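Computed from a prediction, not measured in an experiment: that's the story for all the values here.
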Amino acid sequence: MWGDIAIAFVLAFITSYVIVPYSMRLAKKVNAVDKPEERRINKTIMPRLGGLGIISGFFVSMIYLIISMELESKTVLDEYHMKMIGLFLGLAIMGLVGFIDDCKQIKPILKLLGQTIAAAVVMVFGITIGDFHLPIIDRLIELNSVMEYIITWFWIVGITNAINLTDGLDGLSSGITLIACVSLLIIFAINGSPIISIILITALAGGIVGFLPYNVNPAKTYMGDCGSNFLGFSISII
């Protein structure tokens, strides 16, 4: 199991590292660039589709793990196969909305609509926040179905935009998300979380590590909305 997870991390890293330079060329062709201006720190034209590398690394890693587990007749995905379909569909929607925004600069209300549709998809496939425990008052909070959907929507959209808003300085958004991934990986490993959680967070971390060499100061590219929305959405679901 841990061998597969290690391979998944390396696959995500290599794929992301290889894809990012091509995403930089694509960004210049489709005019997905940040031009120097008073409110920006970059002094030269900066491509902003680097998130495609992270997305590619994550999906390649996940496809490898799914195939590997099926061939080894492991049942880890049996309980989560519908949720995984919902996750992939939601991530595809977020990546597409972010890509369009990087190229065309769509209105905030349209971005929120895209996030809402992606959140609705994953909820339809069974990913919701159910009952949860509040340690301060030592109480179990039980939610009805309506409140489950409302709180889950606020959680997904809130985390997605929180990561998106940090994407303004070299290495900031990717660095924060990588720290979150490592923290979650440790928590998942010590508290008996489902193995699928460890797999997902490891694949995401690998994609970020492959992107970081191009994003640390002085940055060669930005992840753009396609990357920051993808990371925030992924973290909120995982």
Side-chain angles (χ1 to χ4, degrees), residues 1-2 4-5 7-9 11-12 15 51 54-99 112-133 140-161 163 177 180-181 184-185 187-189 191-208 226-227 229-238:
M1 177 193 74
W2 287 103
D4 285 339
I5 291 173
I7 293 173
F9 177 87
L11 268 177
T15 302
I54 300 174
I55 296 171
S56 301
F58 180 82
F59 277 108
V60 167
S61 178
M62 286 308 305
I63 291 171
Y64 160 78
L65 278 170
I66 291 172
I67 293 175
S68 174
M69 289 177 178
E70 287 297 321
L71 292 176
E72 295 174 15
S73 299
K74 294 182 179 179
T75 59
V76 67
L77 293 178
D78 286 355
E79 183 182 351
Y80 299 100
H81 70 279
M82 289 302 294
K83 293 182 179 180
M84 290 297 294
I85 293 173
L87 173 62
F88 282 163
L89 289 175
L91 289 174
I93 293 170
M94 287 309 308
L96 178 61
V97 171
F99 180 84
L112 179 61
L113 176 61
Q115 294 167 356
T116 298
I117 293 172
V121 167
V122 299
M123 287 190 285
V124 166
F125 279 85
I127 301 175
T128 60
I129 297 175
D131 302 339
F132 59 93
H133 180 255
L140 180 68
I141 305 298
E142 298 180 357
L143 302 175
N144 59 41
S145 57
V146 174
M147 287 305 298
E148 279 189 21
Y149 288 119
I150 292 174
I151 290 179
T152 302
W153 180 85
F154 273 105
W155 173 262
I156 293 174
V157 174
I159 298 297
T160 300
N161 283 292
I163 298 299
T177 312
C181 287
L184 287 173
L185 177 60
I187 293 170
F188 294 160
N191 75 351
S193 294
I195 187 62
I196 191 66
S197 303
I198 297 176
I199 290 171
L200 289 168
I201 209 67
T202 302
L204 191 63
I208 296 170
C226 70
N229 278 292
F230 179 88
L231 289 183
F233 191 84
S234 300
I235 287 289
S236 71
I237 300 299
I238 296 171

Next item on the list: Indicate yes or no: at least one non-hydrogen side-chain atom of Ser234 is less than 4.5 angstrom from one of Leu91.
Entry: yes
Next item on the list: Determine the minimum heavy-atom distance between Ser61 and Ala12, stating which atoms define it.
Entry: CB-CB, 3.8 Å
Note to self: On a heavy-atom basis, which atom in Gly207 and which in Ile54 lie closest, and how many Å separate them?
What the structure shows: O-CG1, 3.7 Å
Next item on the list: Could you pull out all residues at least two apart from Val122 that satisfy side chain to side chain contact (heavy atoms under 4.5 Å, CB included)?
Entry: Ile127, Ile156, Phe233, Ile237
Next item on the list: Identify the two heavy atoms, one from Gly95 and one from Cys226, that lie closest to each other, and give their separation to 0.1 Å.
Entry: O-CB, 3.9 Å
Item checked: Which atom of Pro194 lies closest to which atom of Tyr80, heavy atoms considered -> CG-OH, 3.1 Å
Item checked: Flag side-chain contact, heavy atom, 4.5 Å: Met84 against Ile196 -> yes
Note to self: Going by side chain to side chain contact (heavy atoms under 4.5 Å, CB included), name the residues that satisfy it together with Ile7, two or more places apart in sequence or in a different chain.
What the structure shows: Leu11, Tyr64
Next item on the list: Could you tell me which residues satisfy ring pair (Phe, Tyr, Trp, His ring centres under 6.0 Å) with Phe230, sequence neighbours excluded, listed by chain and number?
Entry: Phe58
Notebook entry, point to check: How long is the span from the CZ atom in Phe88 to the CD1 atom in Ile63, to the nearest 0.5 Å?
Noted result: 6.5 Å
Checklist line | Nearest-0.5 Å distance that lies between atom CZ in Phe9 and atom CD1 in Ile199 | finding: 15.0 Å
Check: How far does CG of Leu231 sit from OG1 of Thr177, to the nearest 0.5 angstrom?
Finding: 4.5 Å
Item checked: Closest contact, heavy atoms only, Ala203 versus Met62 -> CB-SD, 4.1 Å
Check: With Ile159, which residues qualify under side chain to side chain contact (heavy atoms under 4.5 Å, CB included), at least two apart?
Finding: Trp155, Ile235, Ser236
Checklist line | Set of side chain to side chain contact (heavy atoms under 4.5 Å, CB included) partners for Ile187, sequence neighbours left out | finding: Asn191
Check: According to the side chain to side chain donor-acceptor pair (under 3.5 Å) rule, which pairs have a member within residues 113-130, sequence neighbours left out?
Finding: Gln115-Asn161, Gln115-Asn229, Thr116-Trp153, Thr128-Glu148
Checklist line | Nearest-0.5 Å distance, CD1 of residue Ile238 to CD1 of residue Ile198 | finding: 11.5 Å
Note to self: Is there a side-chain contact between Met82 and Phe125 in this structure, where contact means two heavy atoms from C-beta onward sitting under 4.5 Å apart?
What the structure shows: yes
Next item on the list: Identify the heavy atoms of Val97 and Gly114 that sit nearest to each other, and give their distance.
Entry: CG2-CA, 3.9 Å
Next item on the list: Mind checking the CD1-CD1 spacing from Ile93 to Ile117? Nearest 0.5 Å is all I need.
Entry: 6.5 Å
